[in-house]
Participant: 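Right, I'll just put the structure down here and ask away after.
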Amino acid sequence: MAANTDIFLFSEKPVLQAELISAAHTLTAQTGGQVIALVLGPRPDAELAFKQGAQQVFWLGELPPDRLVDDVVPTIAAAVQTHQPFGVLIGATVRGRAVAGRLSARLGVAALTDVLEFQWEKENLLARHMVFGGGAVRVDRPLTQPVIATIGSGIFDASTSLTETSDTIQSIDWVEPAWQAKLIERRARGGGSVNLAIAKRVVCLGRGVAQQEDLAMIEELAQILSAEVACTRPLAEGLGWLPRERYIGISGAMIKPDLYLGIGVSGQAQHTIGMSESRVVVAINKDRNAPLVAQSDYAIEGDLYQVVPALIRTLKARKGK
Amino acid sequence: MADDVFDAIVIGAGVAGSSAAYRLAKAGLQVVLIERGPFPGSKNLSGGVLYGRILHELIPNFWETAPVERAITNQVVSFLSADSSINLDFKTERFNQPPYNGFTVLRARFDRWLAEQAEAAGAMLVPGIKVDGVIKRDGKVVGVTADSEEMLARVVIAADGANSFIAQQAGLRDKIPTGHAGVGVKEVIGLPRDVIEERFHLTGNEGAAYNIVGYATRGVPGGGFLYTNLDSISVGLVIHLEELVERQLKPAEIFEDFLAHPMIAPLIKGGKMLEYGAHLVPEGGLKMMPPLAADGLLLVGDAAGLGVNNGFVVRGMDLAIGSALAAANTIIKAHKDNDFSAARLNAYPRRLARSFVLQDMHTYARAVDFMKNERLFGAYPELLANVLTDIYRQEALPKKNLVPTLLNNLKTSKISLFDLVKDVLAGGRAV
Amino acid sequence: MKIVVCAKLAPDASDIEVRSDGTISLERAEWRIGSFDLQAIEAAVRLRELNGGSVTALSVGPLRINNSKLRKDLLSRGPDELVLVADDKLLNADTSVTARVLAAAVQKIGGIDLVLTGEGSSDLYFQQAGLQLGELLEQPVFNAVSRIEAAGGSLNVERSLENETEVLDVPLPAVLAVTTDIHTPRLPNMKEILLASRKPVLEWTLEDLALADGEKQRVETVSLRAPHPVERKRILIEGSAEEAAEALTAYLSKEGVL
Ligand SMILES: Cc1cc2nc3c(=O)[nH]c(=O)nc-3n(C[C@H](O)[C@H](O)[C@H](O)COP(=O)(O)OP(=O)(O)OC[C@H]3O[C@@H](n4cnc5c(N)ncnc54)[C@H](O)[C@@H]3O)c2cc1C
Ligand SMILES: Cc1cc2nc3c(=O)[nH]c(=O)nc-3n(C[C@H](O)[C@H](O)[C@H](O)COP(=O)(O)OP(=O)(O)OC[C@H]3O[C@@H](n4cnc5c(N)ncnc54)[C@H](O)[C@@H]3O)c2cc1C
Ligand SMILES: Nc1ncnc2c1ncn2[C@@H]1O[C@H](COP(=O)(O)O)[C@@H](O)[C@H]1O
């Protein structure tokens with residue numbers, strides 16, 4: 001075992017940070033250490049970490065606008081080397097993955113990616129995650145420490161169990177990276193930032209939706225259901241109709257809403273592992289043999305271009321009453 | 001190399017194509033072997049028992065390296081009626097020693113292996129490319145095209161199987177008329193090795209091959225088969241297409257019944273379906289054979305309509321290899337004398353006529369018509385079943401002897417004594 | 001520009017067989033080029049077509065990756081040569097081992113300006129090996145790269161993040177992991193496939209890379225099983241759109257999710 005039993009966590013996204021903190025608590029419950037949030041950003045973010053349940057906060061300072069989040073790697077590496085935590089949890093965003101990978105290579109340790117669950121086998125930590133595009137579940141035991149793990153949004157719920165904290169934010173010195181890439185520009189991508197993980201209802205569209213214009217129809221439905229709009233990967237990745245953070249699945253967001261409504265979604269494993277824990281699953285598909293139909297509570301066999309408008313009318317009428 | 005002219009291009013890496021490519025490459029010719037599947041055999045669910053003598057000529061002791069499943073030592077012919085079966089069981093150790101008689105093979109593995117042998121011999125395998133057609137220059141085939149890409153050769157071999165669009169596009173033949181084709185349905189069912197061996201009373205690499213006629217096809221001319229592989233069973237039907245269409249029966253339905261038949265069901269019980277496929281089988285024998293050679297183009301294997309399917313035997317792979325050999329040898333000679341003229345290539349049909357391939361086709365020629373005789377697939381198995389039932393049924397009454405028993409059943413069956421005699425004679429000549 | 005493109009050869013996930021005890025078998029699985037590495041190969045080949053230079057495909061794994069089909073498949077997609085590090089010690093290698101072997105191979109090839117990797121391997125899809133490789137080489141490394149343009153001594157690179165796009169100027173040498181939508185991979189034609197069988201293939205072992213002991217694993221796999229599906233009601237609603245909509249609304253209000 002490492003000298004230290006604390007758990008570090010780092011997320012470029014405050015929402016995800018809350019989930020990492022509760023994940024860290026499940027680990028310290030066993031290791032007996034403290035939950036320590038590494039925060040990069042304005043000081044209020046550092047304070048937020050306490051409210052989210054961190055027991056200590058290491059503030060890495062504010063990132064100058066022309067710098068990259070990736071540049072934080074040497075700084076975190078230094079903190080880890082001096083503090084020797086038991087583990088480092090990192091939010092599985094694109095940048096988070098980069099930080100985790102580079103950190104593990106630097107420290108010569110393993111990185112466990114997209115962890116769905118931690119288990120303990122005596123004092124050995126085990127991590128469960130998907131391989132083969134959702135076709136298999138693998139349980140891995142890290143043989144090195146600190147244990148570096150990335151965790152996606154929606155895996156641990158951000159149940160902020162406020163613990164007594166040292167409330168003193170500890171500043172960490174910035175370590176300049178050996179190399180730097182120049183940031184030329186940052187362009188926001190439409191769709192706005194969401195956290196699907198906490199959405200109670202999700203309307204998910206798939207390639208069954210023929211053209212981008214038709215999103216309007218779906219958004220109207222979502223609005224009536226007060227649901228978030230999500231999609232399958234091809235719509236975000238290939239077609240770029242929605243931002244990447246809105247696609248659900250093994251390489252996207254993991255969700256467990258009360259209602260998942262899949263419209264023109266076939267339901268390939270890579271997608272369904274992202275929503276299989278939804279309470280009620282509904283599929284609208286013209287093909288009754290689509291895999292998602294078999295994995296749904298209610299399935300409407302039909303053309304979404306008829307069913308969705310009908311559904312909008314019915315729900316409106318119902319609201320009317 | 002865009003304007004390279006190869007000695008030969010072979011279209012299709014089935015058993016015929018790979019055998020031809022192998023032989024040509026061995027003789028030092030520059031040969032390209034083009035296969036539409038991602039790898040040879042990937043699209044191929046057909047085949048089952050390979051009668052191996054001819055492959056042994058091409059690749060001596062092939063069974064030592066080839067992915068063969070089991071050596072066929074039990075050859076069983078079963079007549080099915082709706083609820084009974086009569087088996088003719090032939091088991092011999094003779095078939096279990098070199099050069100063996102036949103092996104079960106799984107084409108996905110076997111075709112791949114055979115193509116690898118061709119590649120090792122120097123043939124250039126081009127997988128994942130579908131040939132669209134041949135290029136003709138003033139009447140002579142000089143190469144092939146695949147999505148607007150051209151490749152030239154001194155001779156082209158069409159080994160593209162039963163449908164052979166290449167032979168059609170080259171004008172050597174039309175689409176197979178339904179009267180001359182059967183549809184093959186096949187399933188591969190996974191079962192543990194030990195289960196198979198005890199179910200079929202096999203030891204080591206012994207294998208069983210069932211050919212099944214009668215109710216198997218609901219009386220439609222054709223036959224069923226069931227072959228044991230190492231840890232799976234190949235089971236299927238080859239059904240005469242015309243009849244099928246006339247009676248408006250779906251192969252899938254017949255196949256379902258077949259698998260559920262009291263004789264078949266227990267043999268495949270508890271198995272897991274691994275593959276399913278349907279495939280066209282040329283069935284018309286000599287009648288439907290197209291001209292086998294044109295200027296610059298030779299047809300081999302199923303593409304040439306070489307196949308025997310008479311309910312008792314389904315054969316094609318060995319004929320495919322045999323024809324490939326004859327074609328390759330013709331080309332090798334043409335190459336030696338540097339003469340690829342039509343006249344020269346026409347030596348191929350003559351070679352083939354001398355080989356076992358066409359001789360067997362002749363032998364079986366009559367069988368094809370004989371097999372179209374409904375009685376054989378419907379009434380007779382029924383009749384036999386009834387006769388045997390009467391003979392074996394234990395009753396208080398004294399047993400009649402066989403003849404009256406038979407005549408009795410014959411009366412109640414729809415068969416006239418005359419038909420019976422006629423068919424027996426015809427059968428004697430055909431099978 | 002001298003480019004190495006890393007592509008993993010792995011068993012096809014669609015060929016997985018689930019045993020009765022829930023464990024999975026890959027015995028019958030066909031081994032293929034990772035479907036997300038094809039885009040990396042395409043990106044490498046296009047960079048060469050635009051800026052000259054060479055493309056070396058690099059794959060490491062167990063001995064079985066060294067077969068004519070896979071070699072031809074890789075080379076027919078445009079790389080000039082192929083380096084295979086094939087060694088059965090690498091069967092089930094973890095990501096850190098893989099990254100170390102890749103790094104050693106890249107150094108042995110030598111003089112490389114750019115290493116491209118795919119978004120993730122088709123079997124593990126950890127999206128890690130490229131990043132670890134870059135760090136081991138102590139070179140600039142970025143993931144989720146959706147556009148690459150050569151700009152003098154450096155690269156102009158677009159990076160697709162969750163809800164924004166970063167445009168970066170990345171100094172060379174560098175390592176980039178590309179997204180699956182950077183390019184649509186080309187289908188090899190007859191001539192490329194024929195050419196492929198004439199391109200050089202370098203076959204290295206771990207000994208050749210002075211990694212004889214096969215590098216120590218940092219992760220041990222405890223179990224590998226099929227996921228057990230969640231039980232669902234599976235009620236299929238047919239009929240006209242209106243009827244169906246009515247029915248569904250009724251069900252959903254009963255479920256209390258409206
Ligand atoms: C390693 C890997 C990772 C991946 N990660 C993810 C991931 O994280 N998330 C993800 O979603 N995918 C992922 N994918 C892709 C995934 O495999 C599928 O390709 C994808 O989920 C399919 O998206 P789809 O259902 O929208 O499209 P399709 O599979 O094309 O399904 C379209 C469906 O719409 C139906 N349809 C068409 N028209 C109509 C109509 N008019 N009315 C009603 N229904 C209609 C069709 O019947 C069909 O079922 C990944 C793939 C791999 C290999
Ligand atoms: C159900 C069934 C059971 C059978 N059982 C037996 C048996 O037990 N024993 C036996 O000996 N025979 C059996 N046969 C017959 C046997 O399968 C065939 O006779 C044999 O496969 C013929 O080999 P071939 O190489 O001529 O054609 P095929 O094996 O059909 O090979 C043709 C090849 O060409 C490729 N191809 C086709 N078109 C193109 C194109 N345009 N471009 C590139 N490539 C192309 C195909 O992908 C294929 O790989 C059976 C057939 C069926 C359908
Ligand atoms: N064994 C390997 N050989 C070559 N490249 C690999 C190998 N494993 C991973 N890679 C590369 O690293 C990327 C990420 O792999 P992974 O971290 O396993 O998802 C893949 O897309 C490949 O480009």
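Reminder, nothing fancy here: chain letters follow the sequence lines and each chain counts from 1. Model, not experiment: these values are computed from the prediction.
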Participant: Which atoms of L248(C) come close to chain A, meaning under 4.5 Å heavy atom to heavy atom: side chain ones, backbone ones, both, or neither?
Facilitator: side chain
Participant: Between R102(A), R106(A), Q306(A), who has the most heavy-atom pairs with chain C when the cutoff is under 4.5 Å?
Facilitator: R102(A)
Participant: Salt bridge or not between R187(A) and E166(C)? Use side-chain N to carboxylate O under 4.0 Å.
Facilitator: no
Participant: Let me know if L133(C) has heavy atoms under 4.5 Å from chain A in its side chain, its backbone, both or neither.
Facilitator: neither
Participant: Quick one: what part of I24(C) sits under 4.5 Å from any heavy atom of chain A, side chain, backbone, both or neither?
Facilitator: side chain
Participant: Relative to chain A, which segment of E220(C) carries a heavy atom at a distance below 4.5 Å: side chain, backbone, both, or neither?
Facilitator: both
Participant: Measuring heavy-atom distances to chain C, does A178(A) have an atom under 4.5 Å in its side chain, in its backbone, in both, or in neither?
Facilitator: neither
Participant: Is there a side-chain contact between D297(A) and R234(C) in this structure, where contact means two heavy atoms from C-beta onward sitting under 4.5 Å apart?
Facilitator: no
Participant: Where on V280(A) is there a heavy atom nearer than 4.5 Å to chain C: the side chain, the backbone, both, or neither?
Facilitator: both
Participant: Please look at L155(C) and chain A and tell me whether the side chain, the backbone, both or neither of the residue comes under 4.5 angstrom of a heavy atom of that chain.
Facilitator: neither
Participant: Side chain from CB out, backbone as N, CA, C, O: work out which of these in N156(C) comes under 4.5 Å of a heavy atom of chain A, or both, or neither.
Facilitator: side chain
Participant: Honestly, is R232(C) close enough over Y260(A), meaning NZ or CZ under 6.0 Å from the six-membered ring centre and within 45° of the axis?
Facilitator: no
Participant: With the side chain counted from C-beta on, respond yes when T93(A) and L161(C) share a heavy-atom pair under 4.5 Å apart, and no when they do not.
Facilitator: no
Participant: Are L224(C) and V131(A) close enough that some pair of their side-chain heavy atoms sits under 4.5 Å apart?
Facilitator: yes
Participant: Identify which of E121(A), H129(A), R128(A) forms the greatest number of heavy-atom pairs closer than 4.5 Å to chain C.
Facilitator: H129(A)
Participant: Measure across M130(A) and P227(C) and return the closest heavy-atom pair with its distance rounded to 0.1 Å.
Facilitator: CE-CB, 4.4 Å
Participant: Let me know if E119(C) has heavy atoms under 4.5 Å from chain A in its side chain, its backbone, both or neither.
Facilitator: side chain
Participant: What part of R318(A) gets within 4.5 angstrom of chain C, counting heavy atoms only: side chain, backbone, both, or neither?
Facilitator: side chain
Participant: Whether K13(A) and E162(C) form a salt bridge (side-chain N of Lys/Arg under 4.0 Å from carboxylate O of Asp/Glu) is what I want to check.
Facilitator: no
Participant: Would L258(C) and L315(A) count as a side-chain contact (heavy atoms from CB on, under 4.5 Å) if you check the C-alpha gap in whole Å, the side-chain angles of each, and the deciding distance to 0.1 Å?
Facilitator: CA-CA 9 Å; L258(C) 287 184; L315(A) 290 167; 4.2 Å; yes
Participant: So which part of I312(A) gets closer than 4.5 Å to some heavy atom of chain C, the side chain, the backbone, both or neither?
Facilitator: neither
Participant: Indicate yes or no: at least one non-hydrogen side-chain atom of E255(C) is less than 4.5 angstrom from one of Y298(A).
Facilitator: yes
Participant: Just by distance, no angles: are the side chains of T179(C) and E237(A) close enough, under 3.5 Å, to form a donor-acceptor pair?
Facilitator: no
Participant: Identify which part of V308(A) has an atom lying under 4.5 Å from any heavy atom of chain C, answering side chain, backbone, both or neither.
Facilitator: neither
Participant: Please identify, among S296(A), P142(A), P257(A), the residue contributing the most non-hydrogen atom pairs under 4.5 Å to chain C.
Facilitator: S296(A)
Participant: With a 4.5 angstrom heavy-atom cut-off, could you sort out which part of E158(C) is near chain A: side chain, backbone, both or neither?
Facilitator: side chain
Participant: For V230(C), which atoms come within 4.5 Å of any heavy atom of chain A: side chain, backbone, both, or neither?
Facilitator: side chain
Participant: For R141(A), which atoms come within 4.5 Å of any heavy atom of chain C: side chain, backbone, both, or neither?
Facilitator: both
Participant: Judged by atom type as modelled, is there a donor-acceptor pair below 3.5 Å linking the side chain of R218(C) to the main-chain atoms of G108(A)?
Facilitator: yes
Participant: Using only atom types and a distance under 3.5 Å, with no angle test, would you say the side chain of Q128(C) pairs donor to acceptor with the backbone of L112(A)?
Facilitator: no
Participant: Does any backbone or side-chain atom of P171(C) lie under 4.5 Å from a heavy atom of chain A? Answer side chain, backbone, both or neither.
Facilitator: side chain
Participant: Return the minimal non-hydrogen interatomic distance between R233(A) and Y125(C), and the atom names on each side.
Facilitator: NH1-OH, 2.8 Å
Participant: Checking heavy atoms, do the side chain of R95(A), its backbone, both or neither come under 4.5 Å from chain C?
Facilitator: both
Participant: Taking N163(C) for its side chain and A188(A) for its backbone only, find out whether a donor-acceptor pair lies under 3.5 Å.
Facilitator: no
Participant: Any side-chain heavy-atom pair from V282(A) and Y251(C) closer than 4.5 angstrom?
Facilitator: no
Participant: Please determine, among A294(A), G135(A), S104(A), A111(A), the option with the most heavy-atom pairs under 4.5 Å with chain C.
Facilitator: A294(A)
Participant: Which bit of D123(C) comes within less than 4.5 Å of chain A, counting heavy atoms only: side chain, backbone, both or neither?
Facilitator: both
Participant: Would you say the side chain of D70(A) lies within less than 4.5 Å of the side chain of F142(C), judging by non-hydrogen atoms?
Facilitator: yes
Participant: What part of S122(C) lies closer than 4.5 angstrom to a heavy atom of chain A: side chain, backbone, both or neither?
Facilitator: backbone
Participant: Where does L168(C) contact chain A at under 4.5 Å (heavy atoms): side chain, backbone, both or neither?
Facilitator: both
Participant: Please classify the contact between I300(A) and chain C as side chain, backbone, both or neither, with a heavy-atom cut-off of under 4.5 Å.
Facilitator: both
Participant: Measuring only between side-chain heavy atoms, which start at C-beta, is L124(C) closer than 4.5 Å to R138(A)?
Facilitator: yes
Participant: Mind ranking R186(A), E301(A), E277(A) by heavy-atom pairs under 4.5 Å with chain C and telling me who comes out on top?
Facilitator: R186(A)
Participant: Using non-hydrogen atoms only, which part of D114(A) is less than 4.5 Å away from chain C: side chain, backbone, both, or neither?
Facilitator: side chain
Participant: Show the numbers, then the answer: is there a side-chain contact (heavy atoms from CB on, under 4.5 Å) between V222(C) and D140(A)?
Facilitator: CA-CA 5 Å; V222(C) 179; D140(A) 285 335; over 6 Å; no
Participant: Among the options V73(A), V307(A), L183(A), pick out the one with the most heavy-atom pairs lying under 4.5 Å from chain C.
Facilitator: L183(A)
Participant: Of the backbone (N, CA, C, O) and the side chain (C-beta and beyond), which part of T184(C) lies under 4.5 Å from a heavy atom of chain A, both, or neither?
Facilitator: neither
